[in-house]
Every structure is written in C-alpha cells, then in structure tokens.
Peer 1: 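Before anything else, here's the structure in question.
Whatever order the structure lists ligands and atoms in, that order sets their numbers, starting from 1.
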Amino acid sequence: MKFYITTAIDYVNAPPHIGHAYEKICADVIARWHRLKGEKVYFLTGTDENAQKNEQAAKEAKIETKKFVDQNSKLFEELCKKLNLSNDDFIRTTQARHTKVAQEIFKKVFDKGDIYKGNYEGYYCQGCEAFITEKELVDGKCPEHNKEPEWLKEESYFFKLSKYQDKVLKLIETNTFILPQKRRNEMISRLKSEGLKDLSVSRTNLDWGITTPIDKKHKIYVWFDALINYVSALGYPDEKPYKEFWPADCHYIGKGINWFHTIIWPAMLMSAGIPLPKTVYVHGYITLNGKKISKSLGNVIDPIFLIDKYEIDPIRYAIIRDIPHGEDGDFSEKSLINRNNNELANDLGNLLSRTLTLIEKNFNSEIPESKSELTFDIEKIDKLMQNYELDKALAEIWKFVNKCNKYINDKKPWEIKDKKELEKILYTLADSLRIISILLHPFIPETSEKINKQLNIQLGTLKDCKPNLLKKTKIKKGEHLFKKI
Ligand code: ME8
C-alpha cells in the first residue's frame, strides 16, 4: 500500500513561524505512522515562491527578488531539518521542474477550452493572494489580513470554474474528501450559497511569476501555479514517483486555504483529466500565549530559536498534546515546560531509567527472559490515527506510559527478593518500553531512538506492538532522556 501526504507550501515573504512548524510536525507524525504500518510513504513539503507578496517583501528589503526567495526558502528548508521531518522531497515553485509542469497543465486546461480571455475588475488581497468580493470585506478590509485590498482592472485569462460547480459539489459531499466534518460543512454551505464564478488565472501587471504558455504578457495566477506543486514534485506525467504515488492520499493544510484545495484544485484537476486526491485534512490555527501570531503584534517567535532553546522533541510533544487536532489551539512556553518536566522527564524518562537501573543492578545489565504482564490495545490508537486525532492518540499512548508507572509503583521491584518474580516485573517493564518506543516514534522520533539504543534493540513496526517480543539482550543504560527545565 502507498500513502502520499503533502503539506501546504509556505510563502517566503517572511521567515517561518510556529504555525508553519505545527503543520509540518503533524504531517510528519502522520507520515511516520503510515511508515510504521509498513506502507510505502511519500511526504512532500516546500515553498510557494511566485507570489506577488514575495516580490513586494523583496522590494521592501531592497534585495533582488530571486535572491530574496532563495534566502528565505533556505530558512524553511533548515526548519524541516530542525523539526526532524522525514520528508522525501522539498519543492520550490521557482524550480524548472515545477514551472515546466505548471505551464503544461495551464496549456492542457486551455486546450480543453476551459480558459478564455476577458477583463478582471475587482479587489485583490495580496495577503491572501486572492480575488476578494466587496461582500467579504469588513470595514473595507480583508478580515484575514486586516488590510485594504487593491483594486485591479486588467486583461486576464479566466478559468471556467463555474462549469465544474455540480461536479465539485458532489465531490465535497462525499464523506471523507474534506476532513474534519466541520470544515466540510463550511465548504458545502459556502458553495451552495455563493455558487462558482469563473476565476481569473493570469495577471499582466507583474514581473515576477511564471509566464503563461499561451501569452507572454501574462503571468500565471499564483494559486493556479502553487497547487500544481503536488503533481510537479512527483514528476507529472511520466516519472516514476508520479505513477506510483498520485493521487495524493492526504493534502494536509490550514483552515485559511480550504477553498483553494477543495474547490479550485479539484476543478483544475477535473479539467486537466488528472485523478483527484482522496482527502484534504484541514487543521486549525495556533495562537501563541493566547494571541494571534502576527507581525504587528510582534509575537512571531522564530521556531528555530525555540528548537535551539528547548530541543525538538519536547516541542513536537507539547504542540500535539496541547492542540485539539483540527481545532484552533494555543501554544505556550509555559505549557511546554510543564509537559517537559512532568510528562517527558518524570513519566517517561524516569520509567526508563528506573527500569534500566534495576536490570543493571540485579541482572548484570541483561534483560531477563520472562513473560509480560501488561497488554496494550493498538487497534484503538490506530483508529484514532486513521481519523487524524493525533492529540487523542498521543494521550492514549501516554495512558500506557502511566500504566507502566503504576505497575512499577505497585510491584515495588526494589523490594522483591524472589528472582523469578523480579525477572517477570523487569521483563514486563522493558518489553513495554519497547512497545512505547514504537508508538512514540512518529511523535518524538529522537526519543524513541534513544530508548531503543538504551534497550539495545532496533525500532519495530506497528505489528510488533504486542507483548513478549523482547529478546534477551544486554542493555546500554545511557543519559536521562530529558533535562528538566
Ligand atoms: O497559504 N496556525 O502559505 P502560508 C497554524 N502559500 N497554521 C497556520 C497558521 C497558524 N497560525 N498560519 C498559517 C499559503 N498557517 C500558501 C499555500 S499551498 C499550494 C499554498 C498555515 O505561508 C496555513 O493555513 O500563508 C497554510 O496551511 C500554511 O500554514 C502555509 O501558510
């Protein structure tokens, strides 16, 4: 079985923020979970570079646009490494492999008769990189960016989006195309109430962007170009990854760009005769210490700075536990510190070090052979993960960690004299830690590796999340897993 997951590609008008980091971490957890299940996974992320707002930001920084997007894209790539993402590729929409496919698909849609020349007159919000109607404005401003949109009047090519209204409605009414349900309902009611108008897909007053293959004066509208990254990165239409992995199993994106992914993208694909993705999962927005992340509030914490301060696993752990998946939620350093000290260092770190110390002392560092007394319900967690309930799955795994803690506290192995009994208790704990290392691998991969190293075993798969698979090995007790902050 294959599993292709993508994240949104980020604008490079500014450095990454914690919202970008959250999206990438969640997608990584999902990708790693599917790998544990033995599926062939392809995980894509990247940067959206042809936007007008990137060009605008470059101008403000007085840096040549290409140089500016190169610099900023590097920050996003560096962030992927720091977040310990397992992405298979990183696409940049200024790369030749992308521009070629963007033009090819534009031409395909044109040849189909779905693109025609006209004139666009109306508002454009550069923040959204979207055409916006008067009705959507609040006090004359775009509510998402709290900024007045510009008025455009120019020749433009239009995509016959309206032609696909019925087909798209039928698609989004299918149960798992948009998840969670709440986001699906939002799109259904918006589509039903507004209907679909043809979409302007080219601009003439820009120097930056991909030239349309049908008219040199026009640049392809950035969203039409950006969405195509999901197939250009795979080498549409002939290369092996495309043949193997398309259609996407999950486009993992934030709530602000639902419409583009679930209405416009499917219509483009229908027109170009390309199979449709299976699911678009729409996550919520993160606030930081209760406040919207925004430049004007000056609270845009650089996630790279956070990682250097706290290390990556406590951040991955806290951000997933704190935010009810699919909903908006708050991230705070205070909660991160609490979770690091109480859950990671105490619950998990101490469990490992207590267990290994006792094995060291009583069995000369060799895990004794016995039978485990603890069982664990993998089906339940897998189901939560299939439903993208990452926070609940992690909480469920933590219940098992604490079941082990209760076990060690109840059994008091440090007081046991009977060798057989002690063998059983310590085997139970070591074998459970083996299972925990598998379960936690998608969430906190570095920690899972450390546990395995100390147990001196290889990482297992989901199939190995059943008791009694731990063989007699010599442990290598190491440092405590987490430092208290
Ligand atoms: O929208 N919390 O780029 P982007 C969580 N280039 N997620 C957030 C967030 C927050 N506070 N703020 C933004 C774009 N996001 C386009 C995408 S895809 C073909 C093109 C999410 O840099 C946002 O919803 O503005 C999106 O999924 C991603 O971060 C990139 O946002």
Peer 1: Which atom pairs, nitrogen or oxygen on both sides, join ligand 1 and the protein at under 3.5 angstrom?
Peer 2:
from     : atom 1 : to   : atom 2 : distance (Å)
ligand 1 : 2 (N)  : I286 : N      : 2.9
ligand 1 : 6 (N)  : I9   : O      : 2.8
ligand 1 : 6 (N)  : D48  : OD2    : 2.7
ligand 1 : 11 (N) : I286 : O      : 3.2
ligand 1 : 22 (O) : Y11  : N      : 3.0
ligand 1 : 22 (O) : H20  : NE2    : 2.9
ligand 1 : 27 (O) : E23  : OE1    : 2.5
ligand 1 : 27 (O) : G254 : N      : 2.9

Peer 1: Output yes when D249 and K278 qualify as a salt bridge under the 4.0 Å nitrogen-oxygen rule, no when they do not.
Peer 2: yes
Peer 1: Is the charged tip of R97 near the ring of Y236: under 6.0 Å from the six-membered ring centre and within 45° of its axis?
Peer 2: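 Not flagged: R97 not positioned over aromatic ring of Y236.
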Peer 1: Does any donor atom in the side chain of S448 or S437 lie under 3.5 Å from an acceptor atom in the other side chain?
Peer 2: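 Their side chains do not contain a donor-acceptor pair, so the 3.5 Å distance test is not met.
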Peer 1: Hey, could you give me each pair passing side-chain hydrogen bond (donor to acceptor under 3.5 Å, both in side chains) that has a residue in residues 238-248? Not counting sequence neighbours.
Peer 2: K40-E244
Peer 1: With the threshold set at 4.0 Å, does a side-chain nitrogen-carboxylate oxygen contact exist between E396 and K380?
Peer 2: yes
Peer 1: Using the benzene-type ring in the case of Trp, are the ring centres of H251 and Y230 under 6.0 Å apart?
Peer 2: yes
